[in-house]
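Right, I'll just put the structure down here and ask away after.
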Amino acid sequence: MSEETKALHFIEHIVEEDLQNGMSKEDLRFRFPPEPNGYLHIGHTKAIGISFGLGERYNAPVNLRFDDTNPAKEEQEYVDAIKRDISWLGYTWANELYSSDYFQQLYDWAVQLIKDEKAYVDSQTSEAMAAQKGTPTQVGTNSPYRDRSVAENLDLFQRMKDGEFPNGAHILRAKIDMEDPNMLMRDPIMYRVMHAHHHRTGNDWCIYPMYDWTHGESDYIEQVSHSLCSLEFKPHRKLYDWFKEQVYPLSAEQYPLIPKQREFARLNLSYTIMSKRKLLKLVEENVVSGWNDPRMPTISGLRRRGYTPNSIRKFIEKVGVAKRENVIDVSLLEFCIREDLNKTAPRVMAVLDPIKVVITNYPADKEEWFEAENNPEDAAAGSRKVPFSNEIYIEKDDFKEEASDKFFRLKLGGEVRLKNAYIIKAEEVVKDANGNITEIHATYTEDTTKKVKGTLHWVSVKHAVQAEVREYDRLFIDEAPDSHEGKDFMEFINPNSLKIIEAFVEPSLAEAKIGAQFQFQRLGYFNVDDDASEGKLVFNKTVGLRDSWAKAKPKANTNPNQQKPQQQNQRKAISVIQQFGKKYTNLPEEKQAKVRAEILELAKEVSYEELEPLFGTAVKKAGTRIGAMLTLSVLLENGLEKNEAINDFIEKALEDKNELLVAEAAKL
RNA sequence: UGGCCCAUGGUGUAACUGGCAACACGUCUGUUUUUGGUGCAGAAGAGUCUAGGUUCGAGCCCUAGUGGGCCAACCA
């Protein structure tokens, strides 16, 4: 019952504070403001979760407002997709609104600003204006049109609206301060001439307001109390506040509340990209089959892949809210979906990479139907019947002619339990001319009470149903594909992100409906893809089960100089190195040299197995990577051979922005 | 040659100024199990970027430094 009182995040603290300072709870109002120029992705779910979450927490309305001020990029298709995705996540908006609804009000206010000499029409080229704007480190200069008379400005603006001018001929600018250190305050553009068809207002307008002017005033009109957005809008806050100060005296009675903008760090997920522009490129260049390709980080892609609303909301909750740049590990997302599906997905048997087993002492014409539990986590899930016969498929991986005792599966002379059925013993193998195993011959016993180490899933050959299974791998081979200067994210596309398999599944699946979710026992969670049709089953692999055997395996091979871990009370060299590394880049030069020497000394006690995990250190932690690099140099000196992981690590380091890291890497 | 924001285990987030820096993921043990899954029990892993300062006492406040991010679209 007692939901452990979750700590408030900083935005909730701000709201609490405002409430304590006299703001009425009834005045709380939030909004989610997508631009309908693409599909929503997992990054958006954080913003959605924050604003709608606040709405749920305080029982306050949350508007869905489409920020549709650029007709060149926006489409109805995206509006529909966005609404579908938010609803699917389980959120309900108070009002469906559009910035374009406020075009007239915005225009009226703009006219007033001109009259108050707070806005003017500029008639220069965009190049000229860009030049006058200065740079972040250099102030700007005034436009020659800055002091046009009110009458002239009014006339020009009216004619802009009337469509007398071509695109780009004039713009309306706020008159603020060309020397402000914040570039957004250097007479920002409020309106541009754009002869374009708008998805809602049609051809009514040929001037369109810019983001800063529109967004803040839309918040104001809607009387949004807290306008929450991502960090890159922090510099916009000054402008956001300036515009409101100008407009407030004009409408204080109608709109008494002044919204407050606050910013949080956006969500980044390892091995993927979050830019709508870049996702669009994947779609347009057919790298994926569409916005809802199961490999896409879009909400619709995740949905098709088999992610549930529950799992995504849980994920967002776990990720937290702060102002620090972050990269969330995909393993957290995977944890959330496994946790959800573990409780709900019916268990079934499917063999993805089959090898045939003939049970020689089981009559060829006999078949039995065994009772199989649907979900051990859910007693109410009931059971179903599974057919057994003398020929079954098992996974190729589940058989070895010879293997150590650690291999719990089937080996020659060994016994294994068939899930829901008998225990079998492998007697011999049949091989083809090339020595490949084509068949395993086994015998069974009816005594199922026996203790055997392993249990395998299987499918009766005679009863098996064929199905297409689509197995996915990450779309990019790099942890942060769009963060490499001078390298396009497209270079990091994983060519093997989709694997299509012809699998055999148990007959109970023959009628499975689109969207239905299952656990293929011992393999993972799968759902029926939209492409499935009468007589053609298609499954997506949502996520695999945790697999400690797969993890244990590689270790068995790379065990040459397995050092006994030192005394418990003595800290491991690798962890000391990690600690040094963390601070390395911030140390004064001489101290750095000292630490470097210590690391090199400590490195002698480090084994490669200990070091390798550090290769995955976050890109931004240059110091830790330097520590790892130094350690690596010692290992290499002592005869360690370079492998793929090592080369990758070095190569990545060479491209880094940190000169120290590059220098150390260059020595290898 | 500017302004703004940020800095806590591998990752992400907590921590009312004061008892050994908490939680989740990940990692590792053990255990249960007709899923090498789940569950259960447990462990390792940071002393909070650096240097000063304020204070009886500082991740928390101040100053400076270092490192990272953002800002020069008629995009949002």
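Throughout, protein chains are lettered first and strands after them, A, B, ... in sequence-line order, and every chain is numbered starting at 1.
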Touch class at under 4.0 angstrom, heavy-atom based, for A:His236 against every strand present: base
Residue whose closest nucleotide on RNA chain B lies nearer the 5' end, A:Val321 versus A:Phe407: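 Nearest-nucleotide comparison on RNA chain B picks A:Val321.
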Listed nucleotide nearest any side-chain atom of A:Lys73, set B:rC74, B:rG36, B:rC75: B:rC75
Row check, A:Trp458 ring normal vs A:Lys419 NZ/CZ: under 6.0 Å, within 45°: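 Not satisfied by the 6.0 Å and 45° rule.
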Integer-rounded Å distance: B:rU33 C1' and A:Leu545 CG: 14 Å
Polar side-chain contact A:Arg338-B:rG37 base: donor and acceptor under 3.5 Å: no
Below 4.0 Å: OP1/OP2 of B:rC6 and any side-chain N or O of A:Lys323: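 The answer is yes; a side-chain N or O of A:Lys323 sits under 4.0 Å from OP1 or OP2.
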Smallest separation among heavy atoms of A:Gly134 and A:Met183, with atom names: O-CE, 3.5 Å
Side-chain N or O of A:Arg409 closer than 4.0 Å to phosphate OP1/OP2 of B:rG36: no
Side chain of A:Lys419 - closest among B:rU34, B:rG37, B:rA76: B:rU34
Rounded distance (Å) that lies between atom P of B:rG3 and atom CG of A:Leu239: 19 Å
Sugar-phosphate, base or nothing in reach of A:Asn420, heavy atoms under 4.0 Å: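 The residue A:Asn420 makes base contact.
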B:rA51 versus B:rG26 - spacing of their C1' atoms, nearest Å: 34 Å
Nearest to side-chain heavy atoms of A:Met210, which nucleotide of B:rU35, B:rC74, B:rU1: B:rC74
Separation of the C1' atoms in B:rU11 and B:rC16, to the nearest angstrom: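 Looking at atom C1' only, B:rU11 and B:rC16 are 27 Å apart.
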Gap in Å between the two P atoms, one belonging to B:rC28 and one to B:rU38, rounded: 12 Å
ring centroid sep under 5.5 Å plus plane angle under 30, A:Trp549 with B:rG36: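 Stack criterion met.
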B:rA15 to B:rC20 separation - C1' atoms, rounded to the nearest Å: 14 Å
Protein-nucleotide distance (A:Asp340, atom CG; B:rA24, atom C1'), rounded to Å: 17 Å
Shortest side-chain distance from A:Pro136, nucleotide among B:rG2, B:rA76, B:rC74: B:rG2
Heavy-atom side-chain contact between A:Val416 and A:Ile423 under 4.5 Å: no
A:Glu35, nearest nucleotide to its side chain (from B:rC74, B:rA76, B:rU27): B:rA76
B:rA76 phosphate, OP1 or OP2, under 4.0 Å from A:Thr214 side-chain N/O: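 No, A:Thr214 has no side-chain N/O under 4.0 Å of OP1/OP2 on B:rA76.
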Residue mapping more 5' on RNA chain B - nearest nucleotide basis, A:Gly168 or A:Ala421: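 So the residue in question is A:Ala421.
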A:Lys238 atom NZ: more than 12 heavy-atom contacts under 6.0 Å: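 Yes, enclosed.
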Closest listed nucleotide, where the reference is the side chain of A:Tyr211 and the choices are B:rU13, B:rA76, B:rU38: B:rA76
Any A:Arg186 side-chain N or O less than 4.0 Å from OP1/OP2 of B:rG3: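 False: A:Arg186 side-chain N/O out of range (4.0 Å or more) of B:rG3 OP1/OP2.
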No-hydrogen, no-angle side-chain donor-acceptor test under 3.5 Å, A:Gln519 and A:Tyr525: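 Per modelled atom types, A:Gln519 and A:Tyr525 side chains form a pair under 3.5 Å.
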Sugar-phosphate, base or nothing in reach of A:Pro376, heavy atoms under 4.0 Å: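 Base contact.
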Separation between the C1' atoms of B:rC4 and B:rG10, rounded to whole Å: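 The same atom, C1', in both gives a distance of 30 Å.
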hbond_proxy A:Glu179 side chain to B:rG2 base (donor-acceptor, 3.5 Å cutoff): no
Sugar-phosphate only, base, or nothing, as touched by A:Ser331 at under 4.0 Å among non-hydrogen atoms: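 A:Ser331: backbone/sugar contact only, no base atoms under 4.0 Å.
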Under-4.0 Å side-chain N/O to phosphate OP1/OP2 contact, A:Arg546 with B:rU38: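 Yes, because at least one side-chain N or O of A:Arg546 sits under 4.0 Å from OP1 or OP2 of B:rU38.
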B:rC70 OP1/OP2 closer than 4.0 Å to side-chain N/O of A:Arg266: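 No, A:Arg266 has no side-chain N/O under 4.0 Å of OP1/OP2 on B:rC70.
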Euclidean distance for P, B:rG67 against B:rU50 (whole angstrom):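 Here B:rG67 and B:rU50 have their P atoms 15 Å from each other.
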Validation row: A:Leu456, A:Glu395 side chains within 4.5 angstrom (heavy atoms): no
Rounded distance in Å - CD (A:Gln517) to P (B:rG37):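 My rounded result for the distance is 22 Å.
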Proximal nucleotide (of B:rC5, B:rG69, B:rA76) relative to the A:Glu325 side chain: B:rG69
Partner of A:Phe66 under side-chain contact (heavy atoms from CB on, under 4.5 Å), chosen from A:Phe32, A:Tyr98, A:Tyr78: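 By the side-chain contact (heavy atoms from CB on, under 4.5 Å) criterion, A:Phe66 pairs with just one of A:Phe32, A:Tyr98, A:Tyr78: A:Tyr98.
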Sugar-phosphate, base or nothing in reach of A:Gln132, heavy atoms under 4.0 Å: nothing
Residue A:Thr135, side-chain atoms from C-beta onward, closest of B:rU13, B:rC71, B:rA72: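 Looking only at heavy atoms from C-beta outward on A:Thr135, the closest nucleotide is B:rA72.
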Pairwise P distance for B:rC40 and B:rG57, with rounding to whole Å: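 That atom pair is separated by 45 Å.
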Under-4.0 Å side-chain N/O to phosphate OP1/OP2 contact, A:Lys343 with B:rU38: no
Pair assignment for B:rA24, Watson-Crick or G-U wobble, requiring both distances under 3.5 Å: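 Because both required distances fall under 3.5 Å, B:rA24 counts as paired with B:rU11.
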Interatomic distance, A:Asn326 CG vs B:rU11 P [rounded to whole Å]: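 My rounded result for the distance is 12 Å.
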Rounded interatomic separation in angstrom, taking CG from A:Leu184 and P from B:rA73: 10 Å
Sugar-phosphate only, base, or nothing, as touched by A:Leu231 at under 4.0 Å among non-hydrogen atoms: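 Counting heavy atoms under 4.0 Å across all strands, no contact is made by A:Leu231.
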Polar side-chain contact A:Gln519-B:rU35 base: donor and acceptor under 3.5 Å: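 Such a pair exists between side chain and base.
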Nearest-angstrom distance from the residue atom CG of A:Leu660 to P of B:rU50: 17 Å
Base-pairing mate for B:rG65 - Watson-Crick or G-U, with both contacts under 3.5 Å: B:rC49
Nucleotide nearest A:Lys551 when distance is taken to its side chain, options B:rG37, B:rC28, B:rA14: B:rC28
CG/A:Asp447: more than 12 non-hydrogen atoms of other groups inside 6.0 Å: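 Yes - once you tally the heavy atoms of other residues, nucleotides and ligands closer than 6.0 Å, there are more than 12.
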Audit row: A:Met190, A:Met210, side-chain contact (heavy atoms from CB on, under 4.5 Å) steps and yes/no: CA-CA 5 Å; A:Met190 295 173 70; A:Met210 300 287 289; 5.7 Å; no
B:rG30 - base-pair partner by Watson-Crick or wobble geometry, distances under 3.5 Å: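 Pair assignment: B:rG30 / B:rC40.
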Identified pairing partner of B:rG2, criterion: Watson-Crick or G-U wobble below 3.5 Å: B:rC71
Carboxylate-amine/guanidinium contact A:Glu179 A:Arg186, below 4.0 Å: no
Side-chain N,O (A:Thr455) to OP1/OP2 (B:rU33) below 4.0 Å: no
From B:rU34, B:rA76, B:rG36, nucleotide with atom closest to A:Arg417 side chain: B:rU34
Interatomic distance at C1', B:rC49 relative to B:rG59, whole Å: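 Pairwise C1' distance, B:rC49 against B:rG59, rounds to 12 Å.
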Rounded distance (Å) that lies between atom P of B:rG12 and atom CZ of A:Phe315: 12 Å
